[in-house]
Amino acid sequence: MAVQSVSGNTDQVLVEEHSCVRTIILNRPRQLNALSFQMVSQLLELFITYEEDSNVKLVILKGEGRAFCAGGDVAAVARDINEGNWKLGAKFFWNEFTLNYIMATYRKAQVSILNGIVFGGGAGASIHGRFRVATENSVFAMPETALGLFPDVGASYFLSRLPGFFGEYVGLTGARLDGVEMLACGLATHFVSAMRLPLLEEALFKVNTSDPAVVSAIISEFSEQSSLKATSSYHRQDIIERCFSRRTVEEILSALEEEAATGADKWLSETIQSLKKASPTSLKISLRSIREGRLQGVGQCLIREYRICCHVLRRDVSKDFFEGCRAILLDKDKNPKWEPSRLEFISDDMVNQYFSKVEDEEWEDLKLPARFNLPASAMAKL
């Protein structure tokens, strides 16, 4: 086994080689493996290299420490922009979304071992891959609306494909799911107990094919059945269906409040609270993005999300992302002052602006790499 660091100085990404298998390890444990610009660039380079290398049959992706990946390093992005360069932030998202697209259309099997936190950009680096192994330590969330952002990294594609309106619920509220819930709704493909992971990896190191059926059979040998907790939000599908299928965020909220009026219910009050604490602008963009994602391919979703990101970074309509970063990541007072402060102050025209082209001569829409003659197994992984 050869272990090598990919960058000369700081080892933010490590690679282990086992005959036909490459294990990529996200290695910023103190930052919960939050993706830096450097990490995204390295991952992109590695995935492209391994796809073209006929000796590599399987790529395993995992995180060092107690997280798989807590998302993109948005605090760093916000810092760059506050220093006057929104285009540096745009470049980060351009590379990250290109990586998401390469993973979503990858010719070879990718196994992501989600043993720990999987937030935001961490979901983008795994959910698009063929195999997603959850454990009892997995915690999944798309917490962007609480930060003044929206579920990006292709989330409008994968959330919109969850059963019923569960994706709207998860994307708007930032609700946390455990490993069993991830498996139940399709975000994970397998559930393996954390203590069996070393044995699973050992078995995968012997793989000498990119055939997904073979890889799936190996993971299945180590998988186990686990049942949902009684308190799981996945048991609330009927209420989620009734409320989150509504046309607007306002209608979703009032439907939830009507349900709550019939009696005390902790889950309902927490759901209402998380919507009321989130950025109103983010909620409106997120709902529209997920709804559009239902009818689009992953590439179209990423191109649209890149547009929205650029408007967010330029503060064209609202500065909520910077206020969210300040309140939650920097000052940590957890008391963001959203502007506009209420849902009814946000017009359809304001929301439309996020979905339009950016008025800047140097700006262009996300250009995804052409992917030709892909095997059926490379497409439609969800």
Side-chain angles (χ1 to χ4, degrees), residues 70-72 74-75 77-78 117 119-123 139-153 155-156 159-160 162 165-177 233 236 239-240 243-257 259-260 266-293 305 308-309 311-313 315-348 350-351 353-355:
V74 288
V77 171
I117 294 166
F119 289 174
V139 189
F140 172 94
M142 298 301 290
E144 287 82 2
T145 59
L147 259 184
L149 206 49
F150 65 101
D152 58 341
V153 295
S156 61
L159 290 179
S160 64
L162 300 187
F165 291 85
F166 198 65
E168 275 88 339
Y169 160 69
V170 169
L172 294 179
T173 64
R176 296 186 171 196
L177 305 179
S233 53
R236 303 297 186 116
I239 291 186
I240 288 172
C243 301
F244 284 87
S245 59
R246 302 299 173 99
R247 198 177 56 84
T248 64
V249 179
E250 288 92 332
E251 288 169 22
I252 290 172
L253 244 174
S254 67
L256 286 163
E257 284 171 335
E259 297 274 352
K266 186 164 176 270
W267 179 86
L268 270 171
S269 56
E270 284 173 357
T271 301
I272 292 166
Q273 248 348 85
S274 56
L275 289 173
K276 288 188 167 171
K277 283 205 322 228
S279 151
T281 304
S282 290
L283 290 174
K284 290 208 166 183
I285 302 167
S286 302
L287 182 62
R288 174 159 161 195
S289 180
I290 293 167
R291 293 275 156 90
E292 289 195 4
E305 290 173 12
I308 304 172
C309 273
H311 285 291
V312 167
L313 300 180
R315 313 169 214 215
D316 286 342
V317 182
S318 160
K319 301 182 176 67
D320 278 1
F321 169 54
F322 299 88
E323 175 58 12
C325 281
R326 180 206 65 72
I328 287 157
L329 304 175
L330 304 172
D331 300 348
K332 297 187 165 65
D333 60 33
K334 294 195 167 55
N335 188 23
K337 302 277 183 279
W338 304 126
E339 194 53 52
S341 58
R342 299 167 66 106
L343 289 164
E344 59 266 31
F345 298 157
I346 300 155
S347 67
D348 289 347
M350 289 160 83
V351 176
Q353 206 171 322
Y354 283 96
F355 292 75

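Side chains included, hydrogens not; waters and symmetry mates left out as well; all remaining heavy atoms used.
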Determine whether [X] and [Y] make a side-chain contact, defined as any pair of heavy atoms from C-beta on separated by less than 4.5 Å.
X      : Y      : result
Glu250 : Arg342 : no
Leu329 : Leu147 : yes
Leu313 : Val77  : yes
Ser286 : Met142 : no
Ser347 : Met350 : yes
Ile252 : Leu287 : yes
Ile290 : Phe150 : no
Asp316 : Tyr354 : no

Minimum heavy-atom distance [X]-[Y], with the two atoms named:
X      : Y      : answer
Pro340 : Phe345 : CB-CB, 3.8 Å
Glu168 : Arg291 : OE2-NE, 2.8 Å
Phe355 : Ile285 : CZ-O, 3.8 Å
Leu283 : Leu275 : CD1-O, 3.3 Å
Ser245 : Phe165 : CB-CE1, 3.5 Å
Asp152 : Cys309 : OD2-SG, 4.0 Å

Worksheet entry | Trp338 side chain to Gly324 backbone, donor-acceptor under 3.5 Å | no

Item to complete: For His311 and Gln353, indicate whether the former's side chain and the latter's backbone hold a donor-acceptor pair under 3.5 Å.
Response: yes

Worksheet entry | With Phe321 via ring-ring contact (aromatic ring centres under 6.0 Å, His included) - residues at least two apart | none

Fill in: Arg326: partners by side-chain hydrogen bond (donor to acceptor under 3.5 Å, both in side chains), with sequence neighbours left out
Glu323, Asp331, Asp333

Practice prompt. Apply side-chain hydrogen bond (donor to acceptor under 3.5 Å, both in side chains) to Ser282 and list each qualifying residue two or more places apart in sequence or on a separate chain.
Written response: Ser279

Mind checking the [atom1]-[atom2] spacing from [X] to [Y]? Nearest 0.5 Å is all I need.
X      : Y      : atom1 : atom2 : value
Leu149 : Thr281 : CG    : OG1   : 12.0 Å
Leu172 : Glu144 : CG    : CD    : 11.5 Å
Lys284 : Thr248 : NZ    : OG1   : 7.0 Å
Ser274 : Arg176 : OG    : CZ    : 11.5 Å
Thr271 : Leu253 : OG1   : CG    : 10.5 Å
Ile117 : Phe140 : CD1   : CZ    : 13.0 Å

Any residue meeting salt bridge (Lys or Arg N to Asp or Glu O under 4.0 Å) with [X], in chain and number order, not counting sequence neighbours:
X      : result
Asp348 : none
Lys276 : Glu257
Lys266 : Glu270

Discussion item. So, applying side chain to side chain contact (heavy atoms under 4.5 Å, CB included) with Phe244, which one of Thr173, Val170, Ile239 is it?
Written reply: Thr173

Worksheet item: Run the side-chain contact (heavy atoms from CB on, under 4.5 Å) check on Glu305 and Ser289 step by step: do they pass?
Response: CA-CA 8 Å; Glu305 290 173 12; Ser289 180; 4.2 Å; yes

Worksheet item: What is the ring orientation for Tyr169 with Trp267, classed by angle as parallel under 30°, tilted 30 to 60°, or perpendicular over 60°?
Response: tilted

